[in-house]
Amino acid sequence: MRPLQSRNCQRWCMTTMHQVQRTNGLFRKTEMHSQGFCKFRPRILIDVSKIDMSTTVLGFKISMPIMIAPTAMQKMAHPEGEYATARAASAAGTIMTLSSWATSSVEEVASTGPGIRFFQLYVNKDRNVVAQLVRRAERAGFKAIALTVDTPRLGRREADIKNRFTLPPFLTLKNFEGLDLGKMDETNDSGLASYVAGQIDRSLSWKDVKWLQTITKLPILVKGVLTAEDARLAIQAGAAGIIVSNHGARQLDYVPATIMALEEVVKAAQGQVPVFLDGGVRRGTDVFKALALGASGIFIGRPVVFSLASEGEAGVRKVLQMLRDEFELTMALSGCRSLKEITRDHIVTEWDHPRPLPPLPSARL
């Protein structure tokens, strides 16, 4: 991923996502590669001539447990933006999640052709706007709502403040066109933060998750869960699934990396709903770690935007294929022929207790 990241940043006008990793000291909160965090326990002498990576998410079959997370304003990375990402996801046989703050509308993304797509939702102060967005997503054929719940206020994104980040004048948040919600103006700090402060409903609570179910038949994924307590509350509120996410480590410092919070949430869910991981995945080995810790699948954000900026649709296709190939190789070398065969016994983490040695096998062959 690193060559893609460094190459595209020279010609990518949306510098925030790159600079935040350097200036905010939060990059470690998204990565899984710290030495000693997780080691594999591969099994050997298993016939891995055939590997099946397919899975089912909310009843929809996809080719692999690697999906695309919502990332905003993709036309700042490449002129085709969300169009390119949607086509790449469809070609890979996986799910794309469209951001509320996309530079392409739900209708425009739907026009790119068939594909399984989710719609990420921020709850606006005007609930009529929320209902309208949800109805449009339904009509456009989107299959689920990913409700982001960790953003009652935007975190202090120091790179945004330094860059006085705002949307270029030639782009708009397409899902909000014609809704008279104001625009993202230039300010002395972050135009995005100022815009969010005026639009997002800070009073959002669990009762609103239930309210959302009254205006849509689409399943609702609660995105932004990091604790067992909130996992249980999400299930009580009727969530169809949980996405463990720390918003790319850009909301609150000193939260755990998503991979560190995953197992706690999985145990709290007790198999009642699927749990997904969002963030920090850079290699196929990371996908394997997440599934071994109980995730039903993972969502990638930064890798998609970096590859989109570098090579457009071809870049997104390439990064999905890279992760697919690496994940398949990891499964084979771990002795796993299907996702069901990936278990907690295939990894050991730094918080595990010492494992007792198994009994010695019989000397007789």
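These values consider heavy atoms only, across backbone and side chains, with no hydrogens, waters or symmetry-generated copies.
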Atom of [X], atom of [Y] and distance for their closest heavy-atom approach:
X: Ala88; Y: Leu320; answer: O-CD1, 3.9 Å
X: Val273; Y: Gly241; answer: CB-CA, 4.0 Å
X: Gly315; Y: Ser307; answer: O-CB, 3.3 Å
X: Leu204; Y: Thr148; answer: CD2-O, 4.3 Å
X: Arg41; Y: Val348; answer: CD-CB, 4.2 Å
X: Gly312; Y: Ala84; answer: C-CB, 4.4 Å

Hey, does [Y] have a side-chain heavy atom less than 4.5 Å from the side chain of [X]?
X: Leu291; Y: Phe288; result: no
X: Asp201; Y: Arg127; result: yes
X: Arg324; Y: Ser63; result: yes
X: Leu147; Y: Val209; result: yes
X: Val265; Y: Val275; result: yes
X: Pro303; Y: Arg282; result: yes
X: Leu252; Y: Asp150; result: no

If only atom types and distance count, is the side chain of [X] paired as donor or acceptor with the main-chain N or O of [Y] below 3.5 Å?
X: Glu82; Y: Gln74; answer: yes
X: Thr216; Y: Leu218; answer: yes
X: Ser100; Y: Gln120; answer: yes
X: Glu341; Y: Cys336; answer: no
X: Ser296; Y: Phe276; answer: no
X: Glu263; Y: Leu293; answer: no
X: Ser310; Y: Phe306; answer: no

Just how far is it from atom [atom1] of [X] to atom [atom2] of [Y], taken to the nearest 0.5 Å?
X: Ile95; Y: Ile62; atom1: CD1; atom2: CD1; answer: 4.5 Å
X: Ile242; Y: Gln272; atom1: CD1; atom2: CD; answer: 9.0 Å
X: Ser99; Y: Leu173; atom1: OG; atom2: CG; answer: 8.5 Å
X: Met260; Y: Cys38; atom1: CE; atom2: SG; answer: 10.5 Å
X: Ile46; Y: Met331; atom1: CD1; atom2: CE; answer: 11.0 Å
X: Leu277; Y: Ile243; atom1: CG; atom2: CD1; answer: 10.0 Å

Which residues share a side-chain hydrogen bond (donor to acceptor under 3.5 Å, both in side chains) with [X], sequence neighbours left out:
X: Asn128; result: none
X: Thr94; result: none
X: Ser111; result: none

Please enumerate all residues that pass side chain to side chain contact (heavy atoms under 4.5 Å, CB included) together with [X], with sequence neighbours excluded.
X: Thr112; result: Tyr83, Ala86, Arg87, Arg117
X: Arg136; result: Ser105, Val106, Glu107, Gln132, Leu133, Arg139, Asn175
X: Thr214; result: Trp211
X: Leu171; result: Lys75, Met76, Thr103, Leu167, Pro168

Does this structure show an ion pair linking [X] with [Y], if we count only N-O contacts that are shorter than 4.0 Å?
X: Arg283; Y: Asp286; value: no
X: Glu313; Y: Arg317; value: yes
X: Asp345; Y: Arg43; value: no

(message) Quick check on the hydrophobic clustering: are Val130 and Leu98 connected, directly or via other members, by side-chain heavy-atom contacts under 4.5 Å?
(response) yes
(request) Answer with yes or no whether the hydrophobic clustering places Leu339 together with Val266; edges join I, L, V, M, F, W, Y residues whose side-chain heavy atoms lie under 4.5 Å apart. (result) yes
Could you list the donor-acceptor pairs under 3.5 angstrom formed between side-chain atoms of residues 219-238 and any protein atom two or more places apart in sequence or on another chain?
residue : atom : partner : partner atom : Å
Lys223  : NZ   : Asp278  : OD2          : 3.4
Thr227  : OG1  : Asp230  : N            : 3.2

(request) Please lay out, stage by stage, how Met64 and Val287 fare under the test side chain to side chain contact (heavy atoms under 4.5 Å, CB included). (result) CA-CA 10 Å; Met64 57 184 175; Val287 182; over 6 Å; no
(message) When you compare the side chains of Glu177 and Thr172, does any donor N or O come within less than 3.5 Å of an acceptor on the partner?
(response) yes
(request) Using only heavy-atom distances, determine whether the side chains of Lys207 and Ser205 contain a donor-acceptor pair under 3.5 Å. (result) yes
(request) Linking directly or through intermediates, with side-chain heavy atoms under 4.5 Å: list the remaining ILVMFWY members grouped with Leu329, chain and number order. (result) Leu333
Show which side-chain atoms of residues 51-58 pair as donor or acceptor with protein atoms under 3.5 Å away, not counting sequence neighbours.
residue : atom : partner : partner atom : Å
Asp52   : OD1  : Ser54   : N            : 3.0
Asp52   : OD1  : Ser54   : OG           : 2.7
Asp52   : OD2  : Ser54   : OG           : 3.4

(request) Could you give me the CA-CA distance, side-chain angles and deciding distance for Thr85 and Val304, then say whether side chain to side chain contact (heavy atoms under 4.5 Å, CB included) is met? (result) CA-CA 8 Å; Thr85 302; Val304 169; 4.0 Å; yes
(request) Show the numbers, then the answer: is there a side chain to side chain contact (heavy atoms under 4.5 Å, CB included) between Val123 and Asp208? (result) CA-CA 9 Å; Val123 175; Asp208 295 304; 5.8 Å; no
(request) Scan residues 108-148 for pairs that pass ring-ring contact (aromatic ring centres under 6.0 Å, His included), counting only residues two or more places apart or in two chains. (result) Trp101-Tyr122
(message) Go through it in stages, so that I can follow the logic: the residues are Lys217 and Glu138, the test is salt bridge (charged side-chain N to carboxylate O under 4.0 Å, His left out), and I'd like the CA-CA distance, side-chain angles, deciding distance and then a yes or no.
(response) CA-CA 9 Å; Lys217 295 181 180 179; Glu138 281 184 307; over 6 Å; no
(message) My understanding is that only residues two or more places apart in sequence, or in another chain, count here; which of them pass salt bridge (charged side-chain N to carboxylate O under 4.0 Å, His left out) with Glu108?
(response) Lys174
(request) Take Arg344 and Asp352 through the salt bridge (charged side-chain N to carboxylate O under 4.0 Å, His left out) test and state the conclusion after the steps. (result) CA-CA 11 Å; Arg344 186 63 168 80; Asp352 286 333; 2.7 Å; yes
